[in-house]
Every structure is written in structure tokens, then in C-alpha cells.
Peer 1: 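Structure in C-alpha cells, see below.
None of these values were measured; they are calculated from a predicted model.
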Amino acid sequence: MPGTETDVIDTLAGIKPGSALDGIRNRRPDARAQAQASYRALFAPDIPGEVTATERFAVAAFVTGLHGEADTAAFYAAGLATSGASAELRDAIETATLAAKGQGPYGSYPDGPLTHENTPGPSHRIAAETRRALGSRLATAFDHMHLLAFHPRDAEPAALQALLDAGWSTTDIVTLSQIAAFLSFQLRVVAGLRALAGGA
């Protein structure tokens, strides 16, 4: 799989050995090593469990595509292809991503001091034809990832039950949540490093 040896954040941010940004990252060697270890644990685990490499990279390609990060999405799309995903599945994932893009975050807080921040916005469900191409398991995962990306305030037990009903175990759901959290972290770090590079 791509990036298991080369530092993925360096690759995505375009950091060259010996550069100023390389020096900045070297000031936090543990954080640097742990970020790469997290990538390996999620996308090239020694014990993959029931979540396949194709599913892991499919979810990552979808999530990074939702955020409009073309280079990062291309990286995970390459991993998806390497995992053995068919051209038909890759096309379906691209279709799902394009249809699901939005702004956000949307949603409503419980009654209280934060309700003035409530923001209405469209919810999303993968279209029927695309669901058939993806399969119920992956399509439901995409629905859930869209919820986490654009409607985090609206997450509720029914969303988790939908994953269970589609064949994701509780352990699988933890893995999906870890992937979502890692990608949120990775996208922000890469964006920040790119901004620093532009400023320099």
C-alpha cells in the first residue's frame, strides 16, 4: 500500500528532507512518528480484522473527496486501486463523492446556550443506483461518513444501528470512526504545513 514506509504527511504536504518544514516537524519527532504509525495501523494493519483494505481506502477516498482536498483524495484513490478495487467500484466511489460534496457543518444542538449556532443544511443519502454499485455495506459507511463530516451535531444511535444492519460489527464501527478521526487530523495538518510553505 502507498506510503507505509515514506512519511505520508510529508508526501502530501510536499516536504523535502532538509527543508525548513522538515526541520519544524523534526522538533516533534514523537508526534511525527505517531502520525505515521496511525496511518500504518489504519491502512496497512498487521491484523486487518473484518474491514478490508479496499473498504479502508474507499472510505478515505470518499472522506477526503468530500473535503475537496484533491491531492489527498488522489493519494487515497491510488491506495484504493492498489488494494484491488475494480474500475466499476472506483467509478461508483467517484460518483458518490461528487454527489455528496457540501459545505457544513450543519445541524442542531439540544436546547440550551448553543442553539443560536444551529445551522440548517441538506442531509445526504447515497443514491439508489450508486448504492447498488457500492454494495449496501460500503454505501451505508459513506452515509455515516457524510453525517460525521457535515452533520456531526445530528449523530444519534439510529446512525450506528444502520451500520450494524448493513453488516458492520461494533469493532468495524470503531475502525471506521478511527479512520474518520485520523483523516480529520491529517487534512488539517497537511493544510497547515502547506500554508507555512506558502508563507515561507
Peer 1: Looking at Val51 and Glu55, what are the two nearest heavy atoms and their distance?
Peer 2: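 Distance-wise, the nearest heavy atoms are CA-OE1, 3.5 Å.
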Peer 1: Excluding sequence neighbours, so at least two apart, what forms side-chain contact (heavy atoms from CB on, under 4.5 Å) with Ser136?
Peer 2: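 For Ser136 the side-chain contact (heavy atoms from CB on, under 4.5 Å) partners, ignoring immediate neighbours, are Thr140, Ala166.
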Peer 1: Are the side chains of Tyr39 and Ile9 in touch, meaning some heavy atoms are under 4.5 Å apart?
Peer 2: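 In short, these two side chains do not touch, never coming nearer than 4.5 Å.
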Peer 1: Give me the atom names and distance for the closest heavy-atom approach of Thr6 to Gln36.
Peer 2: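 Here Thr6 and Gln36 meet closest at O-NE2, 3.1 Å.
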Peer 1: Quick one: does His144's side chain have a donor or acceptor within less than 3.5 Å of a partner on Leu163's backbone?
Peer 2: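 Answer holds: no.
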Peer 1: Please examine the side chains of Leu66 and Phe150, heavy atoms only from C-beta on, and report whether any two atoms are closer than 4.5 Å.
Peer 2: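 Result yes, sub-4.5 Å side-chain heavy-atom pair found.
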Peer 1: List the atom of Gly65, the atom of Ala73, and the distance in Å for their closest heavy-atom pair.
Peer 2: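 Closest approach of Gly65 to Ala73: N-CB, 3.9 Å.
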Peer 1: Kindly write out the residues that satisfy side-chain hydrogen bond (donor to acceptor under 3.5 Å, both in side chains) with Arg90, not counting sequence neighbours, or none if the list is empty.
Peer 2: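 For Arg90 there are no side-chain hydrogen bond (donor to acceptor under 3.5 Å, both in side chains) partners, ignoring immediate neighbours.
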Peer 1: Using the rule that Ile, Leu, Val, Met, Phe, Trp and Tyr join whenever any side-chain heavy atoms are under 4.5 Å apart, tell me whether Val174 and Leu42 fall into a single cluster.
Peer 2: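 Shared cluster, no.
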Peer 1: Rounded to the nearest 0.5 Å, how far apart are CZ of Phe75 and OG1 of Thr64?
Peer 2: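 Result: 10.0 Å between the selected atoms.
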Peer 1: Any carboxylate oxygen within less than 4.0 angstrom of a Lys/Arg side-chain nitrogen, looking at Arg194 and Glu69?
Peer 2: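 A salt bridge is present here (some side-chain N lies under 4.0 Å from a carboxylate O).
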Peer 1: For Gln178, does the CD atom sit with more than 12 other heavy atoms under 6.0 Å from it, leaving out its own atoms?
Peer 2: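 Yes - once you tally the heavy atoms of other residues, nucleotides and ligands closer than 6.0 Å, there are more than 12.
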Peer 1: Would a 4.5 Å heavy-atom cut-off, applied to side chains only, mark Leu176 and Met145 as touching?
Peer 2: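 A side-chain contact under 4.5 Å exists here.
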Peer 1: Which atom pair, heavy atoms only, marks the closest approach of Thr130 to Ala92?
Peer 2: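 The answer is CG2-O, 3.6 Å.
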Peer 1: Could you walk me through whether Ile93 and Phe142 pass side-chain contact (heavy atoms from CB on, under 4.5 Å), step by step?
Peer 2: CA-CA 9 Å; Ile93 292 167; Phe142 283 12; 4.0 Å; yes
Peer 1: Please identify each residue that fulfils side-chain contact (heavy atoms from CB on, under 4.5 Å) with Ser169, with sequence neighbours left out.
Peer 2: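 In terms of side-chain contact (heavy atoms from CB on, under 4.5 Å), with neighbours along the sequence ignored, Ser169 is linked to Thr171, Asp172.
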Peer 1: Membership question, hydrophobic clusters at under 4.5 Å side-chain separation (ILVMFWY): are Leu187 and Leu147 in the same one?
Peer 2: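 In one cluster with Leu147: Leu187, no.
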Peer 1: Start with the C-alpha distance between Thr54 and Leu89, add both sets of side-chain angles, then the distance that settles side-chain contact (heavy atoms from CB on, under 4.5 Å), and finish with yes or no.
Peer 2: CA-CA 10 Å; Thr54 293; Leu89 178 58; 3.7 Å; yes
Peer 1: Could you tell me whether the side chain of Thr175 reaches within less than 4.5 Å of the side chain of Arg56, counting heavy atoms only?
Peer 2: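 With C-beta onward as the side chain, the pair touches.
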Peer 1: Are Val8 and Ile24 linked, directly or through intermediate hydrophobic residues, by side-chain heavy-atom contacts shorter than 4.5 Å (ILVMFWY only)?
Peer 2: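 Ile24 and Val8: one cluster.
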Peer 1: Should Gln186 and Leu12 count as side-chain neighbours, where that means a heavy-atom distance under 4.5 Å?
Peer 2: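 Counting from C-beta outward, Gln186 and Leu12 do come under 4.5 Å.
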Peer 1: What residues form a salt bridge (charged side-chain N to carboxylate O under 4.0 Å, His left out) with Arg25, not counting sequence neighbours?
Peer 2: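 Only Asp7, Asp10 meet the salt bridge (charged side-chain N to carboxylate O under 4.0 Å, His left out) criterion with Arg25.
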Peer 1: To the nearest 0.5 angstrom, please state how far the CZ atom of Phe62 sits from the CG atom of Leu138.
Peer 2: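 So the CZ of Phe62 and the CG of Leu138 are separated by 9.0 Å.
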Peer 1: Indicate the atoms forming the closest heavy-atom contact of Leu193 with Leu21, along with that distance.
Peer 2: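 Smallest interatomic distance, heavy atoms only, reads O-CD1, 3.4 Å.
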Peer 1: What pair of heavy atoms forms the shortest contact from Phe185 to Ala35, and how long is it?
Peer 2: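 Distance-wise, the nearest heavy atoms are CE2-CB, 4.0 Å.
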Peer 1: Ignoring hydrogens and geometry, is there a side-chain-to-backbone donor-acceptor pair from Ser83 to Leu80 under 3.5 Å?
Peer 2: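 Here the side-chain-to-backbone pair exists.
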Peer 1: Roughly how far apart are His67 NE2 and Thr72 OG1, rounded to 0.5 Å?
Peer 2: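 Result: 10.5 Å between the selected atoms.
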Peer 1: Calculate, to the nearest 0.5 Å, the distance between atoms CD1 and CG belonging to Ile179 and Leu148 respectively.
Peer 2: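 Reported value, rounded in 0.5 Å steps: 12.0 Å.
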Peer 1: At what distance, to the nearest 0.5 angstrom, does CZ of Arg132 lie from CD1 of Ile126?
Peer 2: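 With rounding to 0.5 Å, CZ (Arg132) is 13.0 Å from CD1 (Ile126).
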Peer 1: Can you name the residues that form a side-chain contact (heavy atoms from CB on, under 4.5 Å) with Glu88, not counting sequence neighbours?
Peer 2: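 Once residues adjacent in sequence are excluded, the partners of Glu88 under the side-chain contact (heavy atoms from CB on, under 4.5 Å) criterion are Ser86.
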Peer 1: Is the number of heavy atoms from other residues, nucleotides or ligands within 6.0 Å of CD (Gln161) greater than 12?
Peer 2: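 Yes, the 6.0 Å shell around CD holds more than 12 heavy atoms from other groups.
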Peer 1: Under the rule for side-chain contact (heavy atoms from CB on, under 4.5 Å), what residues qualify as partners of Ser38, not counting sequence neighbours?
Peer 2: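 Partners of Ser38 under the side-chain contact (heavy atoms from CB on, under 4.5 Å) test: Phe182.
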